[in-house]
Amino acid sequence: MKITGFVLALTLCLQLHAQPGPGSHSGWIQLFNGKDLTGWTPKITGYPLHENFGNTFYVENGILKTKYDAYDSFNERFGHLFYQNKYAYYLMAVEYRFTGEQAKNGPGWAWRNSGVMIHCQDPSTMGKDQDFPISIEVQLLGGNGKDPRSTANLCTPGTNVVMDGKLLTNHCVNSHSQTYHGDQWVRVEILVLGDSLVQHIIDKQVVLQYNQPQIGNGNVIHYDPSVKVDGKLLKEGYISLQSESHPVEFRKVELFDLSPYAKDPKKLSAVLQKLQLPVTQ
C-alpha cells in the first residue's frame, strides 16, 4: 500500500475510536451475537474440528465463556474458537475478563492467560493434535493483585514479525500496557492493515506495534508441513479466541471492516473529509 493510503487508513481507525458507541457505527460487525456460538467453530487439541469437548466454549447470560468442568486434568488441551470469515484490513475490539480458578494441571504460564489469534491458518488445515494455529497472538493476561503484568502482548506460534525494522524471532514480547488485576473488564483493540501494520491498542493508546507478520519460527507442534511455508507474509487470515486452562469471558467481540478503503486512498480521503478528521502521521 502506498504511504498515503496507509496514513489515511491509520487515521480513520484511530479517529473511529473516538466515535460514541462503536456498536452504533454502521461499519461495525458484531462477531459474537450475545446469544450463542453461531458463526464460530471450536478446535481443541486432541479432538477433531467442530468438537467442543466438555462444552469448553459456551454462552451464558449474554457472555461468551470458557470452562473446564469436564477436564479431570487439563493435559495441554488448548482450544481455539474460530470465526467463520477471513479478514485482512480491520479494526477489532474485544472486552474480556478472567474469573475463577485455573483448570487442574494447567501450565503455570497459562494462569489468567488467553488470547485473540489473528491471521490464523484455516482451521480445517490444523492437525488433530496441533496445539496452536499458525497465527499471530494478541496475548491477554490478568494480574495477580500485586505484581506488574502487561496485557495485549505479542506471541508468535509458527510466525515471526518485523519490529523497529528488524526481524523478531522471540516467541513473546510484552507491551507497555498497565496491569489489570482482579475480575475487571478490559477492552483491547487491534488494528490490522494486511501485512503492513498491526497495532495493539488499550484506552486509545498504542501499546505495541509491528509489521510484516509472516510464517516462520517454531512454538507449534503437529502441524501440516505443507501449511507452514516459512517466510510467507500473512496478509489475511481467520480470527480465533483461546481456551488455555483459565476461565475467560468475552462480553463483546466486534470488528470494523476496513477492506473497502484498503486500496482506494481517494475514497478513504473522502470519508476522512466527511468526518472532518485531520491526517495523523
Side-chain angles (χ1 to χ4, degrees), residues 10 12-23 25 27-32 34 40 57 62-66 80-83 87 89-99 109-120 132-133 135-144 148-157 159 161 163 172-193 197-211 213 237-244 246-258:
L10 177 58
L12 175 63
C13 295
L14 295 178
Q15 294 298 330
L16 282 173
H17 294 168
Q19 299 299 310
H25 198 294
W28 285 90
I29 304 165
Q30 299 303 315
L31 304 188
F32 168 51
W40 296 86
F57 297 100
I63 307 294
L64 196 164
K65 303 180 179 182
T66 65
H80 295 83
L81 186 66
F82 287 84
Y83 190 63
Y87 292 98
Y89 288 75
Y90 56 92
L91 175 66
M92 181 181 180
V94 297
E95 295 178 10
Y96 75 93
R97 70 174 181 177
F98 294 100
T99 62
W109 53 262
W111 182 85
R112 286 187 174 250
N113 187 336
S114 184
V116 178
M117 320 299 277
I118 62 173
H119 281 344
C120 290
F132 299 96
S135 59
I136 299 294
E137 177 185 351
V138 181
Q139 185 189 52
L140 308 177
L141 298 177
N144 63 9
R149 196 183 193 212
S150 61
T151 190
N153 300 323
L154 164 70
C155 290
T156 53
T159 54
V161 303
M163 189 177 292
C172 291
V173 178
N174 289 343
S175 77
H176 57 264
S177 83
Q178 69 180 61
T179 302
Y180 295 88
H181 298 291
D183 296 350
Q184 64 179 302
W185 289 101
V186 183
R187 181 179 176 88
V188 171
E189 296 171 309
I190 309 158
L191 170 63
V192 181
L193 300 179
L197 178 70
V198 179
Q199 291 183 333
H200 303 183
I201 302 165
I202 301 179
D203 294 333
K204 317 311 175 191
Q205 301 296 316
V206 176
V207 297
L208 192 67
Q209 74 173 31
Y210 47 91
N211 55 22
Y238 291 88
I239 292 167
S240 69
L241 307 175
Q242 283 190 320
S243 63
E244 285 196 307
H246 201 114
V248 63
E249 301 181 351
F250 295 91
R251 68 180 180 186
K252 185 173 288 293
V253 184
E254 59 185 0
L255 182 145
F256 190 100
D257 187 4
L258 295 165

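Using a 4.5 Å cut-off on side-chain heavy atoms (C-beta onward), L191 and V206 make no contact. Looking only at side-chain heavy atoms (C-beta outward), M92 and V192 stay at 4.5 Å or farther from each other. Using a 4.5 Å heavy-atom threshold, the side chains of I202 and Y180 count as touching. The closest side-chain heavy-atom distance from L140 to F250 is below 4.5 Å. You'll find the side chain of L241 reaches within 4.5 Å of the side chain of V116, heavy atoms only.
Going from atom NE2 of H200 over to atom CD of Q205 covers 15.5 Å, rounded to the nearest 0.5 Å. Separating the NZ atom in K252 from the CD1 atom in I63 is a distance of 10.0 Å, to the nearest 0.5 Å. Atoms CH2 and CG, on W40 and L81 in that order, are 5.5 Å from each other to the nearest 0.5 Å. Distance check: N211 CG to L197 CG gives 7.0 Å after rounding to the nearest 0.5 Å. Taking NZ of K65 as the reference point, atom CZ of R97 lies at 7.5 Å (rounded to 0.5 Å). For the atom pair CG (L141) and OG (S150), the distance works out to 6.5 Å, reported to the nearest 0.5 Å.
Screening E189, Q199, E254 for a side chain to side chain contact (heavy atoms under 4.5 Å, CB included) involving L91 leaves a single residue, E189.
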Determine, step by step, whether I239 and L255 satisfy the side-chain contact (heavy atoms from CB on, under 4.5 Å) criterion, reporting the C-alpha distance in whole Å, the side-chain angles of both residues, the deciding distance to 0.1 Å, and the verdict. CA-CA 11 Å; I239 292 167; L255 182 145; 3.7 Å; yes
I would like to know whether N144 and W111 meet side-chain contact (heavy atoms from CB on, under 4.5 Å); could you show each step before the answer? CA-CA 9 Å; N144 63 9; W111 182 85; 3.7 Å; yes
Derivation and outcome, side-chain contact (heavy atoms from CB on, under 4.5 Å), residues Y90 and I118: CA-CA 11 Å; Y90 56 92; I118 62 173; 3.4 Å; yes
Derivation and outcome, side-chain contact (heavy atoms from CB on, under 4.5 Å), residues Y210 and T156: CA-CA 12 Å; Y210 47 91; T156 53; over 6 Å; no
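Side chain of R149 to main chain of G142: a donor-acceptor pair is present (N/O by atom type, distance under 3.5 Å, no hydrogens or angles). The closest donor-acceptor contact from the side chain of H246 to the backbone of T99 lies under 3.5 Å. Counting only distance, with no hydrogens or angles, the side chain of T159 and the backbone of S135 share a donor-acceptor pair below 3.5 Å. T66 places a side-chain N or O within donor-acceptor distance of the main-chain N or O of V248, the cut-off being under 3.5 Å. For the pair E137 (side chain) and C155 (backbone), a donor-acceptor distance under 3.5 Å is absent.
Here the closest heavy-atom approach between residue S175 and residue L208 is recorded as CB-CB, 4.1 Å. Across every non-hydrogen atom of H119 and P213, the tightest pair is CD2-CG, 3.9 Å. Between W185 and E249, the closest heavy-atom pair is CZ3-O, 3.6 Å. The nearest pair of heavy atoms linking G143 to R112 is O-CD, 3.8 Å. When every heavy atom of Y83 is checked against every heavy atom of Y238, the shortest pair comes out as O-CD2, 3.5 Å. Residues V173 and N153 share a closest heavy-atom pair of O-CB, 3.3 Å.
The aromatic rings of H80 and F82 sit tilted relative to each other, their planes meeting at an angle between 30° and 60°.
Side-chain atoms of Y96 and T151 include a donor-acceptor pair closer than 3.5 Å.
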